[in-house]
Amino acid sequence: MNLSDEMNIIKRGTSEIILLEELEQKLINAKKTKTPLRVKQGFDPSSPDIHLGHTVGLRKLRHFQDLGHEVYFLIGDFTGMIGDPSGRSATRKQLTLEEVQKNAETYKEQVFKILDPEKTIVVFNSHWLGKLSFVEVIKLCATYTVAQMLEREDFANRLREKRPIGIHEFLYPLMQGYDSTVLRADVELGGTDQKFNLLVGRDLQREYHQEPQVIITMPLIEGTDGVEKMSKSLGNYIGINENPFDMYGKVMSVPDKLLLTYFELLTDTPYPELAKIEQELKKDTVSPLIIKKRLAKEIVKIYHGYHEANEAEEHFQKVIQEGKAPENIQDLPISKQILKDNKIWVVELIKLTKQLKSTGEILRNIEQGGIRINDQKILEKNVDVDIKEGDILRIGKLNFYRIKID
RNA sequence: GGGGAGGUACCAAAGUGGUUAAAUGGAGCGGACUGUAGAUCCGUUGGCUGAACGCCUUCGAAGGUUCGAAUCCUUCCCUCCCCA
């Protein structure tokens with residue numbers, strides 16, 4: 001593969017590369033000396049579930065691996081205890097050591113759905129940051145001035161608006177930069193909100209007489225609401241551990257305007273194909289629904305495989321679009337003893353599913369027409385229903401149970 | 001060190017002695033509609049009881065005043081702002 005092909009793979013979907021020429025030079029040198037580049041990205045272990053937003057960076061790391069480079073997957077277990085102020089109006093809460101480490105474990109399980117384990121080195125920054133002496137910390141601080149720190153938009157804003165900035169928050173960029181010097185990173189990846197921190201890494205590497213890392217920022221994708229960036233705390237995320245149907249359905253709930261971005265950043269759809277999709281959307285030759293279904297299937301395929309993706313699609317078609325019961329319905333075992341003349345009080349029946357949390361919720365569902373037995377709405381709470389083996393109980397739109405009498 | 005503001009349900013935010021299980025918005029849930037779980041509209045949202053406006057729990061924590069407290073008093077915990 002020649003240099004420009006490599007560059008095209010790397011450039012896809014990026015927001016900014018600083019500096020492009022340095023990256024080219026590094027790639028050339030790597031090839032010449034047969035030394036893979038050391039590509040670093042840090043992850044904050046404060047929320048343990050990886051969602052599609054994280055995969056934007058992870059997939060870029062994978063691109064580097066596919067080109068033969070090494071990935072340093074850095075778990076910010078130490079920095080996680082301080083709290084990264086990036087993009088936050090308020091100071092982030094600090095995690096305990098145990099919380100951070102527990103989260104880190106679940107993190108590792110998930111990232112290898114995307115990264116190549118052979119070419120990934122997982123590192124924890126507590127290993128070196130935890131050993132720094134106070135003198136060393138002060139020396140590190142001495143490399144930066146308050147004025148430099150205040151260049152960061154978030155700090156500047158908070159200062160102007162007289163909102164608090166913790167002293168420790170100034171240390172975050174320094175620590176992240178220090179990580180780069182320890183790992184001797186050639187490239188560091190991050191979201192656009194990380195730009196400042198990534199740049200600090202370059203400065204510190206110079207300070208430590210290293211060649212500065214190239215920094216690559218990736219766009220932050222909006223979540224299923226189409227407004228806020230995808231994040232767990234906002235509840236607009238699609239987790240990569242979610243089951244195929246939920247994943248498919250959540251992608252389907254994304255506003256149309258995000259279709260192209262999702263295709264570009266979350267799938268490997270080649271550029272000519274992307275251009276075609278763009279045209280289809282623009283000229284309205286293909287319904288956005290069809291295109292979105294293609295996207296949903298594509299994404300489910302990446303995390304669950306082709307077969308599961310097909311199933312998710314069929315399921316969606318049947319249950320959501322046509323409002324019918326799906327093929328695989330879970331059994332609801334009912335023992336004969338609790339039946340009286342094959343009858344059971346509806347509320348009791350629903351309780352057995354454990355689907356609804358309280359009696360109040362069950363009653364509300366009944367009143368509002370959310371309960372069906374064999375497609376027949378039950379609208380009255382004081383009824384004992386006749387049930388037999390194989391009857392289908394439906395709660396709301398999505399939850400089906402097949403009665404099984406023991 | 002001095003002065004001030006505030007902690008209310010999943011979140012945000014009203015409420016300052018009874019009519020408050022607590023306005024409103026968001027989120028959630030259900031329905032209708034549709035090209036989707038999107039948009040829109042309607043309904044609904046502490047728990048228990050075969051349900052009655054009956055009982056239990058909830059307005060930072062613990063006590064107290066009162067027939068009655070989210071609302072008043074005391075102590076404590078926490079958060080924030082201004083001045084130094």
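A note on names: the letters A, B, ... follow the listed sequences, proteins ahead of strands, and every chain is numbered from 1. Predicted, not measured: the structure shown is a model, and the values here were computed from it.
A:V319 comes within 4.0 angstrom of no nucleic acid atom, judged by non-hydrogen atoms across all strands. Backbone-only contact: A:G396 has heavy atoms under 4.0 Å from sugar-phosphate atoms and none from a base. If you check every strand for non-hydrogen atoms under 4.0 Å, A:Q321 touches sugar and phosphate atoms only. Within 4.0 Å (heavy atoms only), A:K351 reaches sugar-phosphate atoms of the nucleic acid but no base atom. A:K377 comes within 4.0 angstrom of sugar-phosphate atoms only, judged by non-hydrogen atoms across all strands, and of no base. Residue contacts shown for A:I290 are absent, as no nucleic acid heavy atom lies under 4.0 Å away.
Under a 4.0 Å N-O distance rule, the pair A:D406/A:K404 qualifies as a salt bridge.
One finds no side-chain N or O of A:S287 lying less than 4.0 angstrom from the OP1 or OP2 phosphate oxygen of B:rG35. Neither OP1 nor OP2 of B:rA37 sits under 4.0 Å from any side-chain N or O of A:K293. The shortest distance between the side-chain N/O atoms of A:R394 and the OP1/OP2 oxygens of B:rG31 is not below 4.0 Å. Dashed line: the shortest gap from a side-chain N or O of A:T359 to OP1 or OP2 of B:rU49 is under 4.0 Å.
A straight line from CG of A:N365 to P of B:rG28 spans 16 Å, rounded to a whole angstrom. As a whole-Å value, the separation of A:Q368 CD from B:rU45 C1' is 9 Å. Put simply, CG on A:L356 is 11 Å from P on B:rG47, counting in whole angstrom units. Rounded to an integer number of Å, the gap from A:F245 CZ to B:rA37 P is 9 Å. Atom CG of A:L379 is separated from atom C1' of B:rU44 by 15 Å (rounded to the nearest Å). Rounded to whole angstrom, the span from the CG atom of A:N382 across to the P atom of B:rU49 amounts to 14 Å. Remark: P of B:rG35 and OH of A:Y248 are 16 Å apart, rounded to the nearest angstrom. Atom NZ of A:K397 is separated from atom C1' of B:rG30 by 9 Å (rounded to the nearest Å).
Between the A:E313 side chain and the A:K297 main chain, no donor and acceptor come within less than 3.5 Å of each other. Here the side chain of A:K40 pairs no donor or acceptor atom with the backbone of A:V187 at under 3.5 angstrom. In terms of modelled atom types and a separation under 3.5 Å, the side chain of A:R394 and the main chain of A:K397 share a donor-acceptor contact.
Rounded to a whole angstrom, the distance from the C1' atom of B:rU8 to that of B:rC78 is 15 Å. The P atoms of B:rG64 and B:rU58 are separated by 15 Å, rounded to the nearest whole Å. B:rG18 sits 30 Å from B:rC11 when the C1' atoms are compared, rounded to a whole Å. Distance noted for atom P between B:rC33 and B:rA52: 31 Å (whole Å). One C1' atom belongs to B:rA14, the other to B:rA9, and the distance between them is 13 Å to the nearest Å. Rounded to whole Å, the C1' atom of B:rA62 lies 16 Å from the corresponding atom of B:rG7. Using P as the reference atom, B:rA32 and B:rC48 are 26 Å apart when rounded to the nearest Å. Here, B:rU57 and B:rA70 have their P atoms 12 Å apart, quoted to the whole Å.
Pairing for B:rC10 is with B:rG26, a Watson-Crick or G-U wobble pair whose two hydrogen-bonding atom distances lie under 3.5 Å. Nucleotide B:rU40 forms a pair with B:rA32, judged by Watson-Crick or G-U wobble geometry with both contacts under 3.5 Å. B:rC80 and B:rG4 make up a base pair, with Watson-Crick or G-U wobble contacts both under 3.5 Å. Base pairing of B:rU19 is not made with any nucleotide, judged by Watson-Crick or G-U wobble geometry with both donor-acceptor distances under 3.5 Å.
Of all non-hydrogen atoms in A:A309 and A:V300, the two that sit nearest each other are CA-CG1, 3.7 Å.
Environment of CD in A:Q148: crowded, with over 12 heavy atoms of neighbouring residues, nucleotides or ligands closer than 6.0 Å.
Between the CD1 atom of A:I277 and the CG atom of A:L259 there is a distance of 8.5 Å, given to the nearest 0.5 Å.
Of the candidate nucleotides B:rA37, B:rG50, B:rG35, B:rA37 has the atom nearest to the side chain of A:F316. For A:S358, whose side chain is taken as the heavy atoms from C-beta onward, the closest listed nucleotide among B:rA32, B:rG35, B:rC48 is B:rC48.
Nearest-nucleotide positions on RNA chain B for A:R364 and A:I344 put A:R364 closer to the 5' end. Of the residues near RNA chain B, A:I371 and A:D256, the one whose nearest nucleotide (by heavy atom distance) lies more toward the 5' end is A:I371.
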For this session: With side-chain hydrogen bond (donor to acceptor under 3.5 Å, both in side chains) as the test, would you mind laying out the steps for A:K293 and A:Q317 before giving the verdict?
Result: CA-CA 10 Å; A:K293 285 175 85 171; A:Q317 172 89 26; 2.8 Å; yes
